[in-house]
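Here is how names work: the chains are called A, B, and so on, in the same order as the sequence lines, proteins then strands, and each is numbered from 1.
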Amino acid sequence: MKKYNHKKIEKKWQKYWEDNLELSQAQENSDKPKFYCLDMFPYPSGAGLHVGHVENYTATDIYSRFKRMNDFNVLHPIGWDAFGLPAENFAIKQGVHPDKSTHDNIKNFINQIKSIGISYDWSREIDTSSPEYYKWTQWFFLFLYKNGLAYKKKAKANWCESCKTVVANEQVVDGKCERCGGEIIQKDLEQWFFKITDFIEDFKGENGKEFSGLINGLDKIDWPNSTKISQKNWIGKSEGTIVSFEIKISNEKSATSLNVFTTRVDTIFGCTYVVLAPESSVTSNLKSVISNQKEVDEYIEATKKKTDLERMENKEKTGVEVKGVKAINPFNNEEVPIYIADYVIGSYGTGAVMAVPAHDERDFEFANNHNLLKKGVIIPSPIKSGLLIGDEIDNVNDSYKHFDDYANKKKDNIRKGIEIFVEDGTVIDSGEYSGLKSEEAREKMTAWLEKEGKGEMKVNYRLRDWLVSRQRYWGAPIPIIYCDKCGEVAVLEKDLPVMLPTDVDFKPTGESPLAISKSFHDVTCPLCGEKARRESDTMDTFVCSSWYYLRFADSQNKEEFASRENLEKWLPVDLYMGGAEHTVLHLLYARFFTKVLAKYGYINFDEPFLKLRHQGMIMAEDGRKMSKSLGNVVNPDDVVEGFGADALRIYEMFMGPIDEMKAWSMQNVNGPKNFLDKVWKIFNEKELIDCGGDCKDIPRELPVMLHKTIKKVTIDIESFNFNTAISQMMIFINEFGKHDKLPKFAMEKFLILLAPFAPHMAEEIWSSFAEATADKSDVEKYKQSIFLQKWPEFDEAMTKDEEVEMVVQVNGKIRDRIKINTEISEEEAKKIALESEKVKVYTEGKEIRKVIYVKGKLISIVVG
RNA sequence: GCCGCGGUGGUGAAAUUGGUAUACACGCCAGUCUUAGGAACUGGUAGGUUUUCCUGUGCGAGUUCGAGUCUCGCCCGCGGCACCA
């Protein structure tokens, strides 16, 4: 027998597939239903393909091949997320232009992907760093801009005073510039934003159609629950109340007031002070009346120097009182002091909060540091985790009475602010609201505020607009021109793409590298023709990846990002797979882009990815993350070399559930390798007999095994349980390997099942049938690729064994196992069980109370 | 801290509505073949008892004829978010 030479055979079929592209291409004209199966396109890093890529691409490759064999017109494309910081950093370090290093890396990725037999439609390959692609990224920018969804606004950035430039967060060390050691401050700078916050809630399209927003859309798509929850948390919707506190200046009520946002208005009678964020404009409006202006200013200045990161890291809650003014609680007219503290975030809510130290951990901490009053107004509701409070105790079991003292003490501690209580409960010491449950109190208090004109219900979101401008070279230039006369002007569509200049020094000076290129920077205004300058920032790479799945529908189109016809034909994506690290950013941005297009009538769906799955991370053999510095990285090339591509594919699928984290084991690769060797051996050594339709000579277990296997493999691929599909194929081979003569039809069907997992070996064996077959009419069939075969169907009746083992339990313990015919009646089964000698030992002389029968599985006898 | 996911042999892991726990594979042990190494093949492989049972799915309760699976309370590990009022 010739040994399976994986190197030679895999090369052979990879060449065959390249010569026969129609096997993997989506068909332009077809009556078959479409299926769009997409992988998150990779960033072509210098490190090459990672085993995690292999896991992702193999899973969807199996699925795509399976779908094609089930008569779907499958679109399974690939491309390159080529812009990005790493290429630029590599360029700076090695002096190689990012364009060159990126394209070298892409070549390497292509070779590696082809070496594991992934059936991509290469005719639709895209590269986000090519002008043909980023022309449309720029078009999207203009599209958003024209619809008021892209805008420029001042935003905080790290500014180095001596370099006169912005630096990235990573370039700030201990509040100083990494390069010059100069002081870094937070400075408001003009930045570009996309208005993603417009699409949080459901919206109407221009044509009047209703679409789901970023929150509700999640309910109608098949995504991992954890991913949906992450997105919801990121959006961070919270419903609360805005309360207006009047400001009292040196004992006079003033016309000014300040608004706070709270989700716990039920605690407002416990408010003992109010806190403003340092960014708040309230203090600047009160300048003339603040008696400690200098102290306040110093605190604000000190805050400005801190980065957001430092502000959060600071564990001590600092702040200063704004003296000379007081805030008046609208509910009880109490005057409370006003503080300014950096634990309050300026950009969220109103940038001011009412502090209730008895019921909020942060306020509690701050109050302790500054010796402020604490006043508890919420106590645990009567029964909570066995803790009983107040009058109710008398109505409950006497044995609980000893809790009384404890409960009263707790209640007292909360009231005095000695103990903090942050949950909902019952309101006390709050005038007419006392005795209400937190939730009722919130409703009634908010209603009162609205009636008095002193507040309102308000929904706030954590999600901010998306800051898309980057002061970097290796990205798509933002297509905007600044003219002294006309101001901000959009580049005309006919002038797209705004080419990324190749002649600039891409090394970072802190400023946008593009600003240095005169040929790029100096232009004439498209409106008035006067001298003007280009925007020199580039776009965040996430912008490129927010729409690439649309481009695949029509990747060569020169007139549009994709034709409506092709979008309609292929979108939305039916199955999307990629790493869980993209649960928030990429997936949220892509959904945003889809919703914008839906709103303006370009597409008629509002969710881009109907079904999403993540592959679990593959760890190194030592259980740690694979990393260059630890030297524990497994290179897929080495595995292909040593074991073969098919063995690598099956190993990665056999490791465990696709979405779980798993550790690599070089030793365990032997399993799939042995399995494939066994398959090869059986097809080469055993006699395959053509037994026509009835196959009378063949023991029934063989066709039963075949049908069981077809069923299991089919269902398991459909549900992404590749590991158990493979173990079923192993069981099949173990069983068939015991016989010398094997029915050819069964082995052929098995080979078709195996083909998506081990495409090279399957093609090789399939093609070998062409010579071996006795029936000359079959020769043509075997000369074709196995992937043109139809996926086998199973006969449910043939998946059932004739005899099964029935378990007999007595009082829940197994006492006998009896072989029975599957089809016998319940009466017969019970009779057989009760007559068993082993069972009689336990039932003799006892009353049989109950006999439970589970068809084909077990009898449970209950005796007294 | 909050949210999510998980905990089953020496290892990776299986297990429809609750219904035979440990399928499949790795590793290990023994045997066959071989000059030998390796490969291949056959058998064994949860623990305790020894030929018949008992105990076993992180820990402790509960529901049930029956719990890895359901309920409650803990412990541990991993991932994400983290001063969002």
List the steps and the verdict of side-chain hydrogen bond (donor to acceptor under 3.5 Å, both in side chains) for A:Tyr343 and A:Asp363. CA-CA 9 Å; A:Tyr343 79 91; A:Asp363 299 339; 2.9 Å; yes

Grab the CG-P distance between A:Asp659 and B:A13 for me, whole Å please. 12 Å

Specify whether A:Phe722 and A:Phe720 have parallel, tilted or perpendicular ring planes, treating 30° as the upper limit for parallel and 60° as the lower limit for perpendicular. tilted

Taking atom C1' in both B:G58 and B:G68, what distance in whole Å separates the two? 12 Å

Each nucleotide in nucleotides 16-29 of chain B should get exactly one letter: B, S or -. Can you fill that in based on protein heavy atoms under 4.0 Å? ---BBS-BBSSS--

Mind running side-chain hydrogen bond (donor to acceptor under 3.5 Å, both in side chains) on A:Thr241 and A:Thr446 for me, showing each step along the way? CA-CA 7 Å; A:Thr241 311; A:Thr446 306; 3.1 Å; yes

Side-chain donor-acceptor distances from residues 851-864 of chain A under 3.5 Å, at least two apart:
none

Take the protein atom CZ of A:Phe722 and the nucleotide atom C1' of B:A13, then report the distance between them rounded to whole Å. 17 Å

What contact category does A:Val344 fall into here, base, sugar-phosphate, or nothing, at under 4.0 angstrom with non-hydrogen atoms? base

Would you say CZ of A:Arg464 has more than 12 non-hydrogen atoms from neighbouring residues, nucleotides or ligands within 6.0 angstrom? yes

Taken in chain and number order and not counting sequence neighbours, the residues that satisfy salt bridge (Lys or Arg N to Asp or Glu O under 4.0 Å) with A:Arg591 are A:Glu607

Not counting sequence neighbours, which residues clear side chain to side chain donor-acceptor pair (under 3.5 Å) with A:Asn734? List them please. A:Lys678

Using the P atom as the reference point in each nucleotide, state the distance between B:A36 and B:A46 in Å, no decimals. 32 Å

First of A:Val584 and A:Lys738 reached from the 5' end of RNA chain B, by closest nucleotide: A:Lys738

State whether the number of non-hydrogen atoms from other residues, nucleotides or ligands found under 6.0 Å of A:Lys458 atom NZ is greater than 12. no

Could you spell out the base pairing of RNA chain B in dot-bracket, with Watson-Crick or G-U pairs whose two distances are under 3.5 Å, [ ] crossing and | to another strand? (((((((..(((......[....)))((((((.......))))))(((....)))..(((((..]....))))))))))))....

Does a side chain donor of either A:Glu652 or A:Thr58 reach within less than 3.5 Å of an acceptor in the other side chain? no

Residue set satisfying salt bridge (Lys or Arg N to Asp or Glu O under 4.0 Å) with A:Lys711, at least two apart, ordered chain then number -> A:Glu796

All N/O contacts under 3.5 Å from nucleotides 67-74 of chain B to the protein, with atom names and distances to one decimal?
none

Could I get the full list of ring pair (Phe, Tyr, Trp, His ring centres under 6.0 Å) partners for A:Phe269, not counting sequence neighbours? A:Phe331

Could you work out the separation of B:G18 and B:U63 based on their C1' atoms and round it to a whole Å? 11 Å

CD of A:Glu365 versus P of B:G1: gap in Å, rounded? 14 Å

For RNA chain B, the residues among residues 459-467 of chain A that have a non-hydrogen atom under 4.0 Å from it: A:Arg462, A:Arg464

Pairwise P distance, B:A21 and B:A39 [rounded to whole Å]: 36 Å

For a quick check of understanding: with a heavy-atom distance under 4.0 Å over all strands, which category does A:Thr583 fall into, base, sugar-phosphate or nothing? nothing

My understanding is that only residues two or more places apart in sequence, or in another chain, count here; which of them pass ring pair (Phe, Tyr, Trp, His ring centres under 6.0 Å) with A:Tyr461? none

Taken to the nearest whole Å, OH/A:Tyr348 to C1'/B:C83 is 12 Å

From CA spacing to verdict: side-chain hydrogen bond (donor to acceptor under 3.5 Å, both in side chains), A:Asp716, A:Thr724: CA-CA 7 Å; A:Asp716 282 353; A:Thr724 48; 2.8 Å; yes

When you measure from the centre of the six-membered ring of A:Phe364, is the NZ or CZ of A:Lys374 under 6.0 Å away and within 45° of the axis? yes

Side-chain N or O of A:Ser226 less than 4.0 angstrom from OP1 or OP2 on B:G79? no

Taking the C1' atom of each, how far is B:C5 from B:U55, in whole Å? 31 Å

Can you tell me, in whole Å, how much space there is between the C1' of B:U16 and that of B:G12? 24 Å

Can you measure A:Met653 atom CE to B:A14 atom C1' for me and round it to whole angstrom units? 18 Å

Nucleotide B:A13, atom C1' - distance to CD1 of A:Ile618 in whole Å: 15 Å

Determine the contact category for A:Ile345: base if any of its heavy atoms lies under 4.0 Å from a base atom, sugar-phosphate if only primed atoms, P, OP1 or OP2 are that close, otherwise nothing. base

Sequence-distant partners of A:Glu334, salt bridge (Lys or Arg N to Asp or Glu O under 4.0 Å), two or more places apart: A:Lys375

Could you tell me how far apart A:Glu621 (CD) and B:G12 (C1') are, to the nearest whole angstrom? 11 Å

Of A:Glu361 and A:Lys813, the one whose nearest nucleotide on RNA chain B sits closer to the 5' end is A:Glu361

How would you list, by chain and number, every residue that makes a side chain to side chain donor-acceptor pair (under 3.5 Å) with A:Asn632, sequence neighbours excluded? A:Asp622

Length of the CG-P vector between A:Asp716 and B:A14, whole Å: 11 Å

Under a 90° cut-off about 0 for the syn range, is B:G9 syn or anti? syn

Whole-angstrom distance between B:C72 and B:G77, as gauged at atom C1': 22 Å

Looking only at atom C1', what distance separates B:G44 and B:G10, rounded to whole Å? 15 Å

Below 4.0 Å: OP1/OP2 of B:A85 and any side-chain N or O of A:Tyr343: no

